[in-house]
*Asks:* 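After the structure tokens below, expect a handful of questions from me.
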Amino acid sequence: SQTIHQWPATLVQPVGSPLSLECTVEGTSNPNLYWYRQAAGRGLQLLFYSVGIGQISSEVPQNLSASRPQDRQFILSSKKLLLSDSGFYLCAWSQTDSSTDTQYFGPGTRLTVL
Amino acid sequence: DQQVKQNSPSLSVQEGRISILNCDYTNSMFDYFLWYKKYPAEGPTFLISISSIKDKNEDGRFTVFLNKSAKHLSLHIVPSQPGDSAVYFCAASEVRTSYGKLTFGQGTILTVHP
């Protein structure tokens, strides 16, 4: 069966510091991968998606970036965090050859920028 | 422009009764719809989905209804249980796109009282 991991689970960072969140998927190959953010009291906002190694598309302009160095690894980064980057970050995957778009989410990372 | 809307931020139901969560969408190109359940500090869990070729899909206590002409879907939970208390998100996608982007509603907080 497929599993998705995210770490760290929680993170407190000062403004202006760098960020690196990691997501890995097991039990599947060539998945679509996604990064979402849920700000306090709000819905899920798609940040990035990837259909393959090195292929990243951004949905919203921001100071975050994403990379996919391996088939089942997705990394969310920032060079300098802003207060507004605080939130709950979720990684998700879906099957590329599926006739549906069901996405499966990881446990999330709670990021607090102080 | 919010293409998927959950107009009720919260819903309170007695245990054993029916919970009805509603969702409206504006994009007529959406052809696949999903419901997710989310507990605090966890990733969303996939509950049930429906394709636009159907108007009803049932899985145990959960039934999703789709009214394409009204661009409206609903999730029925019968009977409701205290463990169903969570935030429920509806999501929609255009399956024909290559990466399966999901557009989420803002979520509805369901509270089931014993």
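Here is the naming used below: chain letters follow the sequence lines, and residue numbers restart at 1 for every chain.
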*Asks:* Is there a path from B:V87 to B:I20 through hydrophobic residues (I, L, V, M, F, W, Y) whose side chains come within less than 4.5 Å of each other?
*Replies:*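 No, separate clusters.
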*Asks:* Check the hydrophobic clustering (I, L, V, M, F, W, Y; side-chain heavy atoms under 4.5 Å; chains of links allowed) and say if A:L76 and A:V15 are grouped together.
*Replies:* yes
*Asks:* Quick one: are B:L102 and A:L46 in side-chain contact, heavy atoms under 4.5 Å?
*Replies:* no
*Asks:* Which heavy atom of A:E59 sits nearest to which heavy atom of B:K101, and what is that distance?
*Replies:* OE1-NZ, 2.7 Å
*Asks:* How long is the straight-line distance from CZ of B:F104 back to CD of A:Q103, given to the nearest 0.5 Å?
*Replies:*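 It is 6.0 Å, given to the nearest 0.5 Å.
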*Asks:* Only heavy atoms, only distances under 4.5 angstrom. Which residues in residues 51-66 of chain B are near chain A?
*Replies:* none
*Asks:* Quick one: do B:Y25 and B:I48 end up in the same hydrophobic cluster if we chain Ile, Leu, Val, Met, Phe, Trp and Tyr together by side-chain heavy atoms under 4.5 Å apart?
*Replies:* yes
*Asks:* Quick check on the hydrophobic clustering: are A:F88 and A:W7 connected, directly or via other members, by side-chain heavy-atom contacts under 4.5 Å?
*Replies:* no
*Asks:* When rounded to the nearest 0.5 angstrom, what is the spacing between OH in B:Y36 and CZ in A:F105?
*Replies:* 5.0 Å
*Asks:* For the residue pair B:G43 and A:L90, what are the closest heavy atoms and their distance?
*Replies:*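 Closest heavy-atom pair between B:G43 and A:L90: CA-CD2, 3.5 Å.
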*Asks:* Would a single hydrophobic cluster contain both A:V51 and A:I75, if residues Ile, Leu, Val, Met, Phe, Trp and Tyr are joined by side-chain heavy-atom contacts under 4.5 Å?
*Replies:* no
*Asks:* Decide yes or no for A:T102 and B:Y32: does some side-chain heavy atom of the first lie under 4.5 Å from some side-chain heavy atom of the second?
*Replies:*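 Result yes, sub-4.5 Å side-chain heavy-atom pair found.
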*Asks:* Are there residues of residues 106-114 of chain A whose heavy atoms fall under 4.5 Å of chain B's heavy atoms? If so, which?
*Replies:* A:G106, A:P107
